[in-house]
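Only one structure is covered here, and it is reproduced in the block below.
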Amino acid sequence: MVETKTEVVYQRPESFTDVHTHYCPGCTHGVAHRLVAEVIDEMGLREKTIGVAPVGCSVFAYEYLDMDFVEAAHGRAPAMATGIKRVLPQNTVFTYQGDGDLASIGIAEIMHAAGRGENITVIFINNAIYGMTGGQMAPTTLAEMKTTSSPYGRDVELAGYPLKMAELLAQMEGSGYVVRRSLHDASNIRKAKKAIRLAFEAQERGLGFSLVELLSSCPTNWNMSPQEALDFVREKMVPVFPLGDYKVIPALENLRV
Amino acid sequence: MVETKTEVVYQRPESFTDVHTHYCPGCTHGVAHRLVAEVIDEMGLREKTIGVAPVGCSVFAYEYLDMDFVEAAHGRAPAMATGIKRVLPQNTVFTYQGDGDLASIGIAEIMHAAGRGENITVIFINNAIYGMTGGQMAPTTLAEMKTTSSPYGRDVELAGYPLKMAELLAQMEGSGYVVRRSLHDASNIRKAKKAIRLAFEAQERGLGFSLVELLSSCPTNWNMSPQEALDFVREKMVPVFPLGDYKVIPALENLRV
Amino acid sequence: MAVTGWIEVNELYCKGCGLCVEACPQDVLRLDMEHLTPKGYHPAQMIEETCTGCGICAVVCPDAAITVYRETPQRRSRSTVKRRA
Amino acid sequence: MAVTGWIEVNELYCKGCGLCVEACPQDVLRLDMEHLTPKGYHPAQMIEETCTGCGICAVVCPDAAITVYRETPQRRSRSTVKRRA
Amino acid sequence: MEETSIIISGFGGQGTLFAGQVLAYAAMDNGYEVTWIPSYGPEMRGGTAHCTVIISEALIGSPLVRNPDIVLALNLPSVDKYEPLMPSDGVLIANSSLVNREFEREDIHHLLIPANEIAEDIGMARLANMVMTGAMLKMKPILTVKMVKQALEDHIPERHRKTLPMNFEALDKGVAYAEKEFEKDAA
Amino acid sequence: MEETSIIISGFGGQGTLFAGQVLAYAAMDNGYEVTWIPSYGPEMRGGTAHCTVIISEALIGSPLVRNPDIVLALNLPSVDKYEPLMPSDGVLIANSSLVNREFEREDIHHLLIPANEIAEDIGMARLANMVMTGAMLKMKPILTVKMVKQALEDHIPERHRKTLPMNFEALDKGVAYAEKEFEKDAA
Amino acid sequence: MAKELLKGNEAFAEAAIRAGLDAFFGYPITPSTEFLEHMAKRLPKIGRAFIQAESEVAAINMVYGAACAGKRAMTATSGPGISLMSEGISYIAGTEVPAVIVNVMRGGPGLGNIAPSQGDYYQAIKGGGHGDYFPLVLAPATVQEAIDYIALAFDLAEKYLSVVIVLVDGNMGQMMEPAELPPMQEESKEPPEWAVTGAKDRERNVLTSIYIDPEDEEITNLRILKRWKEAEKNEVRYKEYHMEDPEILVIGFGTAGRVASSAVRDARDEGIAVGLLRPITLAPFPERRLEELCDQVRRILVVEMNTGMMLDDVLKTVKGRVPVEFYGRLGGVTPLPDEILDEIRRVSKNKGEMKGDPRNEWMDRLEKMRMGDA
Amino acid sequence: MAKELLKGNEAFAEAAIRAGLDAFFGYPITPSTEFLEHMAKRLPKIGRAFIQAESEVAAINMVYGAACAGKRAMTATSGPGISLMSEGISYIAGTEVPAVIVNVMRGGPGLGNIAPSQGDYYQAIKGGGHGDYFPLVLAPATVQEAIDYIALAFDLAEKYLSVVIVLVDGNMGQMMEPAELPPMQEESKEPPEWAVTGAKDRERNVLTSIYIDPEDEEITNLRILKRWKEAEKNEVRYKEYHMEDPEILVIGFGTAGRVASSAVRDARDEGIAVGLLRPITLAPFPERRLEELCDQVRRILVVEMNTGMMLDDVLKTVKGRVPVEFYGRLGGVTPLPDEILDEIRRVSKNKGEMKGDPRNEWMDRLEKMRMGDA
Ligand SMILES: Cc1ncc(C[n+]2csc(CCOP(=O)(O)OP(=O)(O)O)c2C)c(N)n1
Ligand SMILES: Cc1ncc(C[n+]2csc(CCOP(=O)(O)OP(=O)(O)O)c2C)c(N)n1
Ligand code: SF4
Ligand code: SF4
Ligand code: SF4
Ligand code: SF4
């Protein structure tokens, strides 16, 4: 004789507000938001967490992540987070930044936050483009990739080469956990979530600067369908920005989450 | 039967002006200036060279190096040099920067100049301190080192770890020649000069961004005699900032100078 | 006897991006072209009963618009047996 | 027969830092404590004749204050021999 | 016509800005003074996008107006926003495919047109803007359909040139629909 | 004494700023109003460094003056700069170790003192500043030597405390030298 | 050339190129971004320098470099970008080299929004950067004007060795209007003799903003001020509308002035004797002209898209001879003709004295209005 | 507490600490550096936050963060640093959180020099940053005043949710004077309810300067302006010297005002009826007091260490009722009492009208003088 039990396999996380996001259909910013919300819920950090939103498409992150939030100047989120963390060392402080914000205008602040081993967590969305302003070249834009400010494709001779932030930041002695993940399919999304979890665990344990770089899509400015955009991430971005753990300090290595 | 011939083994280089420098006695800024002047003379570049002076003790570099010069805002020399090189690609453009200028306030500009593979040469004076402003901590200040802004010694937990710029910049795909040398004795000074020569050769050949990091002394703010200061460079700085070639693109490797 | 599942798509959030449709291993999702959400999108819908409740659609959904349910059969008897062993 | 050399120290530039004194392998340099430069420093001076003109002092001098001269003996004969060989 | 102001408003991606530009080109090419000014910014994504077009015989001062003479509302929020602002005798055309309500104002000329359906029949949902433009040209002939087609011909982005016939068809279907409606009213 | 202004000037590293501070402390500790203001900046390296000390019974307005009542010139540039600026009856004391010229002004009190030599005799070249200060206190007793010694005692940086006796000796030698010179003049 | 329908930002950018621009360095920011995008499309094709810099700080210092090399260099941005450029602008001014900077203004302070505003007037006119320097500031109000004044901006920058700021708001940058572009200017003028180009067959050139001896800096400050005074004499520009013996004078620049022109037209239709003064050079400000008008008009209404910044310069000039009133919309709100018409009606009836800050009454009115909205 | 001989920068820094400073973020720059160095010495010992930031840009954004957390945060710098902070200052103002910024002014523009100057007056008063905001600006003139007003600065910043700038010149930062420090203030006031501290047992707090809907930004701009108007009513501060029915009024702030006080004293000795008004709050400016004085005095002399910036605010207030003359020294030159005395003598004899810019005549005089020097 057989009974059945109904379980909820998945539902919208607590810390995700009940509002329709302004992101374009299929934009993986939404996925990244959701993962952050899930991790914060699972770790029970919501009431002590202070988020720092960037200037970029995720400027309104605070409208979707239901916790205390500030909105930084373009690129300065790590400095602002530093100011907060230094006066509220017991709180959990994270920034959420795009590649223009973090790797272009904000590269000084992120390098030095890592250099100081600032005990904050950085969620870094690498979508190889400036989304909010309508598709200009980012430091992470791939060679030959067409954008509104590299209309003939990024000419590395004139516009330089894609910056690999995870690799650079891993070199800083102050960083405790620096990895790159991708959001282009379900299994990678699951791995990304684990990494975000570890990054916050690192902060809770005071192990220094933690950053998760997430390869993301921008269907709108790439002029692709959402699925085409994810395929582009897998086929074109992953080879240039290899996924992996670039810095995991011993104290974290055998941490199971 | 014996004749003798009198030769001048060494004399003040052409491009070094006939003025008493404002540098403190024993400061290796003077050595670095002299080497730059010698290389420019030997390569016959003086009439096409444009120097970019930083804000720092070497702010008056243009008073000693006898060629066209501009004076940049603190940390922005690479951006200013970029502006010049892009409109005068046939000219030789170099910046001369201290560690506060290049590694602290100017880290964004140097990283992106390297990232773009800007075809300029950078002479980077690493004296582990802010000289001009009277001895504050630099990003390159050694752990535990006392400065006027780290009076109890640099606490890496709060003030972070010394930045290794040559290693970081070597990672940028745009850089063609990135090395570290030291000015603490005659043989190292000779090696430093070779490196400076190669850096300018790289620019003349359009091989991309070139940088020579020079470990230097600041007897005044280290509160040491000039010789003690050089010993400090050899004993304390070299171990933290290993000398060596961090990036030499093939085209340069078998260049004899 | 197969595990069965189903999903609910919240039209407030769904933007009809279709990523869940592509991701579904059972191919039981479609965009409802007959219908527009208040925001003017064609929302995702379940069109077959063979959903296993794997949750992949929800994992890829950028708008956390999907809730996934699963019905798992529970065999009392066997479990008792187990307890004995 | 030894190569001989000598140096000139330009008092306009010399700051009496003493680095040349320390660096000189022949130990023929000293700071002249009897005398001050216009800028108020005790300049370097050569105090012995055994300078080889190696130039090391000039290489380390931060103020390019030193000019180094060398007198090299030239043996015609031997050189000719050389040419033959 | 001294000065006519037109607002075209809808969701981002519904081509409201382009429709406005086509009118602006047509006006300029036929010797009128004209200004075209868009809403811009993050709203463009998902949110509403609208543009204001002013066509005049004299030099144009303000490129913006509070009470537009003509409004093409491609979605419901646009109707809600502009219906109260219309001057009496103003012309309000709404896209019934996305607008499931009646008009409230009695003192203005209005038309409900299933622009999305018509466009999807033609085979390109994005043409709703042209359908509505056609209807407008019928209800308020500030410019002739010919002028507008010429403007399309001359200024359509190369990558879209292949859609020119469909654009024309959309315009015509819009005109036709408006005609039919009036006959109804007449009848 | 209503308001007395003192400028102490020399090469960086000659201790001009510290000498000024000692006077300022002495003045404050003895109930005077006082301001001390340095020149600062890159000149401090190699170039000249000077400070202005104003001692007054009333509140002090400007901390700077054009025509200082007293000048201690530790090097030649300082003499060149300040001799012309002195008011008549002003007091100008110059360090003959580094000043190889006579004074030009007849209408001021002046003294040439081999401060470096005297200091080096004591065994510390950096004490030239105190030697000159001593001479000044003799020529223009705005404060007593005792007050200044007390100030040194109370405010000398710890790391230099061991040099206190030498500082005192320098002050005394300066006083003595000035005395001798006057006897000469007298004779 | 025939008129084309041109989008502000693109038209300005193209006008700069045709005026002989050698180099553009910028960083994207709404509502100025099309400016940079147009440069990205055009400059590489014609072998001139274009870089999307890592930041506005880098961009302005690249401009600084290219300007020191004697080339025509510029950047375009919006308020937040100008703030980041403040140090560089001060350096350029202090080095006395020419540069042109376009600010397509948006709502502030802070991140604010991207809607059209005039809130950067102070920053532009009083100099956002440190120290004593005086940028020239142009405020065109139509796409055609902007096209014409961008070329002028370079000439003025070179004539007065000064920073020239072109101040427009988001409306100007985003709108399309029929306008005519000038022909492409022939390139390659000789570099000025002060430029750094390599010391070949001449004395070396050194360009810096450092004058370690205050006396030298004083002379420099004075030299810069005197150049500015020259510009004050020669370069004042403005436009007047319906100036037939007006009783009421409306003053507004850029979009505010343009919108006001519609209101003034309508007011004239109602028989109100009102005229409009639209300054085109905000610095130097048309003081002399305004002084003349003070003898003719009964009352002045200043209209701005900010909290009353040009108002300061008006008050300073009017010196209480005529009552001055103020109407401003803030934070990205563009006033519409009917509001300004209402204001003109009100002002034309108002005979009262104005004492204290004219903004006090306006604040109350605006607040009531906003309450009305809510 | 007894008086000690204190160096300006160190005294200000210590005063801030005793006023309950929680965090200091700065970057070295002459002539403000001792400020940072004192913080480096003291703060770590008492468990408060100190960071030498990588730049002024980072420093101000760290201050921004700490301020959002409801803590007393500050920075100290000089002109070039303020320029780099302009964006951050605008953000702080737009977010309506309190912060204190000390500018120890030096000669500019550009790199200029490190000598004392007042050339950043415009930048401080008119707001160097973009958008509509109004910092409060304090200008102490003695070490004791600075000590007292640093504490006030924090109170005002919190009362008006505003940026407060303390504007002194290099002289003030570098000089030593006897002064008395206040006792250490007890710490740990509750964080304000708007601060981000973690949303525990309360609604979450979000602090931003973004108002994407212009209508909201307009309300915000208005709110900030009204707070400023409040400050204008309540917070004006100034000091007067020899104000026994003066015929001549000298106006100067900071060191210029202090030097002028010596000149005024000497002039009184000569029997010239001259008084000195030294504004301590530059923003809000003591307008009402100046208006009163306009009815008493015959002529006004404004003395500044810049090209005549406060002069603007004086002219705006005086409205031509009294002739206003100007005397300024530039680029790091501090005027000396005898110069100002000469000016007072000259002005007291001068009966002539003043038309046009008062600076015109001064420029000629200054130039002659400099020629004299040369
Ligand atoms: C100082 C400043 N410069 C420029 C901008 C304009 N701006 C806003 S977001 C952005 C870049 C956004 O790109 P990214 O950081 O990659 O984030 P995304 O939008 O792609 O998520 C820029 C340049 C600004 N707001 N402030
Ligand atoms: C924007 C700005 N911030 C700070 C300063 C002050 N400043 C001048 S030089 C300098 C640092 C110099 O140190 P470094 O670059 O290491 O060169 P060094 O003097 O040691 O040769 C600083 C902070 C400045 N001039 N401008
Ligand atoms: S523009 Fe790109 S990054 Fe921004 S929301 Fe749209 S898809 Fe996402
Ligand atoms: S302070 Fe240091 S770096 Fe500067 S000149 Fe002196 S020794 Fe050299
Ligand atoms: S993935 Fe989410 S948003 Fe996209 S169609 Fe499916 S349910 Fe809708
Ligand atoms: S190294 Fe040069 S500066 Fe130093 S003492 Fe010798 S000669 Fe003089």
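The structure presented is a predicted model; accordingly, all values stated were derived computationally and were not measured. Side chains are part of it too, since the values below use all heavy atoms of this structure and drop only hydrogens, waters and symmetry mates. Protein chains get the first letters and strands the later ones, always in sequence-line order, with residue 1 at the start of each.
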Could you state the interatomic distance from [atom1] ([X]) to [atom2] ([Y]), rounded to the nearest 0.5 Å?
| X | Y | atom1 | atom2 | value |
| --- | --- | --- | --- | --- |
| G:Glu87 | H:Glu56 | CD | CD | 7.5 Å |
| H:Ser86 | G:Gln123 | OG | CD | 7.0 Å |
| G:Glu218 | H:Met369 | CD | CE | 6.0 Å |
| H:Trp362 | G:Leu225 | CH2 | CG | 5.5 Å |
| H:Arg223 | G:Leu330 | CZ | CG | 12.0 Å |

Mind listing the closest non-hydrogen atom pair of [X] and [Y] along with its distance?
| X | Y | result |
| --- | --- | --- |
| G:Lys229 | H:Asn360 | NZ-OD1, 3.2 Å |
| H:Tyr211 | G:Asn113 | O-ND2, 3.0 Å |
| H:Ser83 | G:Gly129 | OG-CA, 3.6 Å |

For this session: Sort out for me which residue in G:Thr208, G:Thr95, G:Ile210 forms a side chain to side chain contact (heavy atoms under 4.5 Å, CB included) with H:Leu111.
Result: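 Of G:Thr208, G:Thr95, G:Ile210, side chain to side chain contact (heavy atoms under 4.5 Å, CB included) with H:Leu111 is met by G:Ile210 alone.
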Exercise. Which region of G:Leu222, side chain (C-beta onward) or backbone (N, CA, C, O), has a non-hydrogen atom less than 4.5 Å from a non-hydrogen atom of chain H, or is it both or neither?
Worked result: both
Seminar exercise, completed: Bottom line for G:Lys126: the part with an atom under 4.5 Å from chain H's heavy atoms is both
Side chains of [X] and [Y]: closer than 4.5 Å at any heavy-atom pair?
| X | Y | answer |
| --- | --- | --- |
| G:Glu215 | H:Arg329 | yes |
| G:Glu287 | H:Asp357 | no |
| G:Met309 | H:Asp132 | yes |

For [X], is the [atom1] atom crowded, meaning more than 12 foreign heavy atoms sit under 6.0 Å from it?
| X | atom1 | result |
| --- | --- | --- |
| H:Glu339 | CD | yes |
| H:Glu291 | CD | yes |
| H:Glu292 | CD | yes |

Segment of [X] engaging chain G (4.5 angstrom heavy-atom cut-off):
| X | answer |
| --- | --- |
| H:Arg359 | side chain |
| H:Tyr121 | neither |
| H:Asp213 | backbone |

Partner chain H: residue of [options] with the largest heavy-atom pair count (under 4.5 Å):
| options | result |
| --- | --- |
| G:Thr220, G:Ile82, G:Asp312, G:Leu315 | G:Asp312 |
| G:Glu232, G:Lys319, G:Arg321 | G:Lys319 |
| G:Ser209, G:Gly107, G:Gly79 | G:Ser209 |

For this session: Return the set of residues passing side-chain contact (heavy atoms from CB on, under 4.5 Å) with G:Ser90 (not counting sequence neighbours), or none when no residue passes.
Result: G:His130, G:Tyr133, H:Pro109
Exercise. For H:Ser32, what residues pass the side-chain contact (heavy atoms from CB on, under 4.5 Å) criterion, not counting sequence neighbours?
Worked result: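 H:Ile29, H:Val104.
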Seminar exercise, completed: Among H:Pro80, H:Ser78, H:Gly328, H:Gly128, the residue with the most heavy-atom pairs under 4.5 Å to chain G is H:Pro80
Exercise. Looking at H:Gly356, H:Ala93, H:Gly81, H:Gly119, which makes the most heavy-atom pairs under 4.5 Å with chain G?
Worked result: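 The answer is H:Gly119.
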Exercise. Is H:Asn221 reaching over with its side chain to a backbone N or O of G:Gly108, donor-acceptor style, under 3.5 angstrom?
Worked result: yes
